[in-house]
Amino acid sequence: MNDKEMYYIDFDKLFENYADKYYNQHESEYESPDDFAKDLDKIYHIWATSPQEVLGGISPSEFFNRIPTNELIDILKGSCVGENNPNSLLFDRIATEPSLLGDLVKLARAATDEKLLLVAISLINELGGADTDFYIDMIERDIDACVKDECIEVLCDHADEIKDELLAKAESSDDIGKIEMYVEPLTFCDPGDDRILRLLRTLLVSDPNTAYVAALMGRYGDERACADLYPLLDACDYAEFLEIRNAIETLGGSVDEHYRDFSDDPLYKAIKGNK
């Protein structure tokens, strides 16, 4: 087996085999398999730093440390093909190479494979992140929701600096899904901006996910939104009631626990233990 073939060894399977053997040898030291599971991080470190015959007598950590930096991106791409997954040692090695940030951004912009895209973005964030335009471009692509969520999370940390750009995009769109993505970071801005409140109010009457929009209003923190939320309490189910009430209380309002009779609501009965 040459070096390039060794790059794609199933290291997760190697560790799984090692962990099974370790447990069999040390079973008496653990009260239960769950107790053993708490020790897996330590056991993984032992395995990763121990010589392995399949690697020619060097440890997995040393194996990945010896890989030339200019080969890491190609190995990453190869490790995401089919059912393969990049192992944590490859991930950790790339995350120590700041010089690869530009290559990872280029890879993510071109990637169509969801697994590769998610891994690339995770590594980009580990290396300090890209500019906000990159993340905005990502959420506007037709990609998996979990990838978009990770990008939105980054944008939330830069909400104030991109506020005007996100507002312009949201106000010019009639796609509810896209408006939600633009609005979420905006709710991390300081409250009091009439444009953001107006956008949230528009979303409240057009978005079928009332509970979600109520939560956004609560997070934004503009107490004027209470006037929009109170009327919704009269025609909502119990799940929505909980979210709307929480938003109102977050904004400084109050809602009586017994505001409405939800005794016939399935969720209410499940929570209260009724049958």
Side-chain angles (χ1 to χ4, degrees), residues 73-74 76-77 79-81 85-86 91 94-95 98 100-222 225 228 243 247:
I73 296 297
D74 283 338
L76 179 67
K77 290 190 287 189
S79 68
C80 289
V81 174
N85 291 293
F91 189 99
I94 296 175
L100 294 178
L101 179 58
D103 293 322
L104 287 165
V105 170
K106 183 178 179 180
L107 174 63
R109 287 190 179 279
T112 55
D113 179 81
E114 303 290 357
K115 186 196 310 181
L116 178 59
L117 186 54
L118 183 57
V119 171
I121 290 176
S122 295
L123 282 165
I124 288 168
N125 293 340
E126 283 288 321
L127 288 169
D131 58 47
T132 54
D133 286 344
F134 167 78
Y135 296 102
I136 292 174
D137 289 345
M138 285 295 110
I139 68 173
E140 292 179 337
R141 286 177 55 181
D142 182 18
I143 54 178
D144 191 80
C146 65
V147 180
K148 291 187 179 186
D149 287 344
E150 186 154 349
C151 293
I152 290 171
E153 187 175 334
V154 174
L155 292 174
C156 289
D157 293 333
H158 299 274
D160 285 316
E161 65 186 81
I162 57 174
K163 179 169 70 171
D164 290 339
E165 181 178 0
L166 291 179
L167 275 167
K169 287 179 173 292
E171 290 169 350
S172 63
S173 177
D174 56 5
D175 184 319
I176 295 297
K178 284 189 175 181
I179 295 174
E180 285 182 351
M181 291 189 298
Y182 299 137
V183 168
E184 188 150 344
L186 289 171
T187 61
F188 285 84
C189 295
D190 292 334
D193 190 314
D194 290 344
R195 296 171 300 170
I196 296 177
L197 180 60
R198 183 168 61 249
L199 187 57
L200 286 166
R201 284 171 166 166
T202 299
L203 201 57
L204 191 63
V205 299
S206 57
D207 193 324
N209 194 345
T210 303
Y212 170 72
V213 182
L216 291 178
M217 284 182 151
R219 182 198 293 158
Y220 181 52
D222 193 319
D228 303 276
E243 201 66 70

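Because the structure is predicted, anything quoted here is derived from the model rather than measured.
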Flag the pair [X] / [Y] as yes when at least one side-chain heavy-atom distance between them is below 4.5 Å, and no otherwise.
X: Leu104; Y: Ile94; result: yes
X: Leu155; Y: Met181; result: no
X: Pro86; Y: Phe91; result: no
X: Val105; Y: Asp131; result: no
X: Asp133; Y: Glu165; result: yes
X: Arg141; Y: Lys148; result: no
X: Ile139; Y: Tyr182; result: yes

Heavy-atom pair of closest approach, residues [X] and [Y]:
X: Ile176; Y: Ser206; value: CD1-OG, 3.6 Å
X: Ala95; Y: Leu127; value: O-CD2, 3.3 Å
X: Pro191; Y: Asp222; value: CB-N, 3.9 Å
X: Cys146; Y: Leu118; value: SG-CD2, 4.1 Å
X: Ala170; Y: Ile179; value: O-CG1, 3.9 Å
X: Asp113; Y: Leu116; value: OD2-N, 2.8 Å

Among residues at least two apart in sequence or on other chains, which ones pass side chain to side chain contact (heavy atoms under 4.5 Å, CB included) with Asn209? Asp207, Ala211, Tyr212
Would you call Glu140-Lys169 a salt bridge at under 4.0 Å N-O? yes
Inspect the contact between Asp74 and Lys77 and indicate whether a charged nitrogen and a carboxylate oxygen are less than 4.0 angstrom apart. yes
Using side-chain contact (heavy atoms from CB on, under 4.5 Å), reason through Leu203 and Met217 one step at a time and then give a plain yes or no. CA-CA 10 Å; Leu203 201 57; Met217 284 182 151; over 6 Å; no
So, Tyr220 side chain and Glu184 main chain: donor-acceptor pair closer than 3.5 Å or not? no
Does the side-chain contact (heavy atoms from CB on, under 4.5 Å) test come out yes or no for Arg195 and Asp164, once each step is laid out? CA-CA 10 Å; Arg195 296 171 300 170; Asp164 290 339; 3.1 Å; yes
As an exercise, state the distance from [atom1] of [X] to [atom2] of [Y], rounded to the nearest 0.5 Å.
X: Leu197; Y: Thr202; atom1: CG; atom2: OG1; answer: 9.5 Å
X: Asp137; Y: Arg109; atom1: CG; atom2: CZ; answer: 5.0 Å
X: Asp157; Y: Asn125; atom1: CG; atom2: CG; answer: 9.5 Å
X: Asp160; Y: Leu186; atom1: CG; atom2: CG; answer: 9.5 Å

Would Leu200 and Thr187 count as a side-chain contact (heavy atoms from CB on, under 4.5 Å) if you check the C-alpha gap in whole Å, the side-chain angles of each, and the deciding distance to 0.1 Å? CA-CA 9 Å; Leu200 286 166; Thr187 61; 4.3 Å; yes
Checking Glu153 against Tyr135: is there a side-chain donor and acceptor pair closer than 3.5 Å? no
For Asp144, which of Lys115, Glu114, Glu150 qualifies under side-chain contact (heavy atoms from CB on, under 4.5 Å)? Glu114
Among Leu100, Leu123, Asp103, which residue meets the side-chain contact (heavy atoms from CB on, under 4.5 Å) test with Leu76? Leu123
Would you sort out whether Lys163 and Ile196 count as a side-chain contact (heavy atoms from CB on, under 4.5 Å), showing the intermediate values? CA-CA 9 Å; Lys163 179 169 70 171; Ile196 296 177; 3.7 Å; yes
